[in-house]
Amino acid sequence: MVRRTAKRAPGKDAVVASSIPDAVAIAGALGPWFERGHRDLPWRATSDPYAVWVSEVMLQQTQVQTVQRYWGEFLRRFPTVQRLAAADQSEVLEAWSGLGYYRRARLLHRGAQFVTEEYGGQLPDDPQALLAVPGIGRYTAGAVASIAFDRPAPLVDGNVARVMSRLDAVEDPARQPATAARHWPRVADIIAAGRPRILAQALMELGATVCTPRSPKCEVCPVRPQCLAHAQGQVDVIPSPKKRAASPKASFWALAIMWRGRLGLVRRPDEGLLAGMFCLPLVARDSMATADNSALSACLGVPVTRAAVTETSVKHVFTHRVWLLQPVLATARRKPASLPGGEALWVEAGERPRGGMPTVTEKLLAAL
DNA sequence: AACTCGTGGAA
DNA sequence: TTTCCAAGAGT
């Protein structure tokens with residue numbers, strides 16, 4: 001959709017908005033707008049700081065729609081900081097399976113232990129104290145302080161960065177650290193000019209529902225009079241997109257080795273991609289040209305029968321790499337001492353390991 | 001500052 | 001299909 005304002009000659013608005021928009025005016029428009037109506041998200045119905053914390057960690061780089069499938073169940077399994085702190089890491093990863101960025105789950109778990117030991121199980125309301133908690137960075141500290149405790153703490157996420165870039169007509173990519181850096185004091189002024197709990201959520205709600213990356217709905221924007229990018233007819237080009245490097249591709253055989261009716265899974269290394277998660281053993285296709293009985297027997301060290309590739313291959317796209325996976329189903333005549341990638345965990349058909357299993361593993365199992 | 005770390009949605 | 005990005009943190 002073409003924005004008419006982009007072609008309009010600068011008028012009175014451009015003159016009025018020729019300086020940095022006033023934080024008080026922005027806050028005065030945003031607060032009532034948010035209270036007039038907003039998305040009914042489950043974590044907005046609680047005042048439990050722990051529940052807010054969990055939602056903020058899950059929402060890191062993850063869409064609202066996705067988090068809605070996890071947040072409630074996670075809190076049922078781990079209803080308090082103490083219960084989370086006391087849980088096994090494998091339980092936590094299991095509850096996180098499919099959500100991605102699994103280090104968040106480990107850090108949240110460690111964070112709960114930290115809060116239990118250092119803060120008596122009570123999440124502090126001070127951003128500085130929150131920053132000391134594992135997994136809580138600058139954004140999450142501001143979010144918990146403002147949303148859960150109504151403290152005037154700033155927060156800049158992707159939504160807020162885009163909103164501020166447009167309000168102040170900052171052309172650089174919004175996610176660039178240097179760009180976001182200049183937004184923090186601006187957001188602090190806005191949050192402090194009203195009720196922090198309302199304004200923090202209002203800024204993000206505006207970015208998510210009105211001031212969207214493409215085709216923003218300026219005609220219904222409560223802060224259009226304060227928006228410098230709109231006044232300059234540059235809403236469509238501010239902020240500029242951030243380039244990402246091309247993703248390298250890697251091809252693997254994904255081995256589905258059956259032994260006595262069970263399937264062998266391996267736990268990935270403690271660091272790197274999908275750290276500590278259970279996956280099918282992967283063998284680079286560079287290192288094994290074909291996946292027949294003899295090649296697999298040599299690979300596993302035991303006789304293998306009925307090796308056969310599946311009809312369908314699996315493509316899995318990560319943020320900055322792509323895996324092309326060819327499942328190979330085979331039966332081991334004797335128990336392999338180990339599988340490529342580590343010690344085997346033999347599970348029954350349909351059984352899930354006690355630890356976490358990423359989506360890519362689910363996709364592979366579905367393709368068998 | 002630049003890079004790593006998952007998955008899914010929208011255009 | 002490709003591109004961008006989503007309530008980021010840690011290094």
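Here is how names work: the chains are called A, B, and so on, in the same order as the sequence lines, proteins then strands, and each is numbered from 1.
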*Just call it for L206(A): base, sugar-phosphate, or nothing, with non-hydrogen atoms closer than 4.0 Å on any strand.*
nothing
*Determine the interatomic distance between C1' on dA6(C) and the same-named atom on dA1(B); round to the nearest Å.*
22 Å
*Face-on cation placement of R333(A) at W259(A) ring, 6.0 Å and 45° thresholds*: no
*Looking only at side-chain N and O atoms, does H316(A) come under 4.0 Å of OP1 or OP2 in dT7(B)?*
yes
*When you compare dG6(B) with dC4(C), how far apart are their C1' atoms, in angstrom units rounded to a whole number?*
16 Å
*Quick one: which of dT7(B), dC5(B), dA7(C) gets closest to the side chain of F318(A)?*
dT7(B)
*Base, sugar-phosphate, or nothing: which does I147(A) touch, judged by heavy atoms less than 4.0 Å apart?*
nothing
*Rounded interatomic separation in angstrom, taking CD from Q63(A) and C1' from dT7(B)*: 8 Å
*Give a yes or no on whether a donor-acceptor pair under 3.5 Å exists between the nucleobase atoms of dG6(B), that is its base, and the side chain of T359(A).*
no
*First encountered from the 5' end of DNA chain C, between R110(A) and A208(A)*: A208(A)
*Length of the CD-C1' vector between Q61(A) and dG6(B), whole Å*: 11 Å
*Spacing between R104(A) atom CZ and dA7(C) atom C1', to the nearest angstrom*: 11 Å
_With rounding to the closest Å, how many angstrom separate the P atoms on dG8(B) and dA9(C)?_
22 Å
*Remember a base hit wins even if backbone is also touched, and classify W53(A) as base, sugar-phosphate or nothing at under 4.0 Å, heavy atoms.*
nothing
*Counting only side-chain N and O atoms of Y102(A), is one of them less than 4.0 Å from OP1 or OP2 of dT7(B)?*
yes
*Within less than 4.0 Å of OP1 or OP2 of dA6(C), is there a side-chain N or O belonging to R162(A)?*
yes
_Measuring to OP1 and OP2 of dC5(B), would you say a side-chain N or O of R321(A) lies under 4.0 angstrom away?_
yes
*Please give, in whole Å, the distance from dA9(C) C1' to R175(A) CZ?*
12 Å
*Contact class for V57(A) (heavy atom, under 4.0 Å): base, sugar-phosphate, or nothing?*
nothing
_Interatomic distance, R106(A) CZ vs dG10(C) P [rounded to whole Å]_ = 15 Å
*Checking all strands, does G272(A) fall into the base, sugar-phosphate, or nothing category for heavy-atom contacts under 4.0 angstrom?*
sugar-phosphate
_Could you check whether any side-chain N or O of R197(A) sits under 3.5 Å from a backbone N or O of A145(A), counting only pairs where one atom can act as donor and the other as acceptor?_
no
*Below 4.5 Å, heavy atoms only, C-beta onward: do R39(A) and V64(A) meet side chain to side chain?*
yes
*Spacing of K243(A) atom NZ relative to dT2(C) atom P, expressed in whole Å*: 15 Å
*asked:* Between L274(A) and Q176(A), which residue's closest nucleotide on DNA chain B lies nearer the 5′ terminus?
replied: Q176(A)
*In terms of the angle between their ring planes, are Y50(A) and W53(A) parallel, tilted or perpendicular, with boundaries placed at 30° and 60°?*
perpendicular
*So which one's nearest nucleotide on DNA chain B is more toward 5', A178(A) or R214(A)?*
A178(A)
_Keeping S97(A) on the side-chain end and E94(A) on the backbone end, is there a donor-acceptor pair under 3.5 Å?_
yes
*Where the side chain of T140(A) is defined as all heavy atoms beyond and including C-beta, which of dG8(C), dG8(B), dC5(B) is the nearest nucleotide?*
dG8(C)
*Using whole Å, report how far NZ of K242(A) lies from C1' of dA6(C).*
16 Å
*Consider only side-chain heavy atoms of I, L, V, M, F, W and Y, link residues closer than 4.5 Å, and tell whether V266(A) and V360(A) are in one cluster.*
no
_Distance, C1' atom - from dT7(B) to dT11(C), rounded to whole angstrom_ = 23 Å
*Does H320(A) make a side-chain N or O approach to OP1 or OP2 of dC3(B) shorter than 4.0 Å?*
no
*Salt bridge between E362(A) and R352(A), side-chain N to carboxylate O under 4.0 Å?*
yes
_Proximity to the side chain of L107(A) - top-ranked nucleotide from dG8(C), dA7(C), dA9(C)_ = dA9(C)
_Does a side-chain N or O of R103(A) approach OP1 or OP2 of dG8(C) to a distance below 4.0 Å, or not?_
no
*Is there a donor on the side chain of T62(A) or the base of dG6(B) sitting less than 3.5 Å from an acceptor on the other?*
yes
*Please determine if a side-chain N or O atom of Q60(A) lies less than 4.0 Å away from the OP1 or OP2 oxygen of dG8(C).*
no
*Calculate the interatomic distance between L99(A) atom CG and dA7(C) atom P; express it in whole Å.*
14 Å
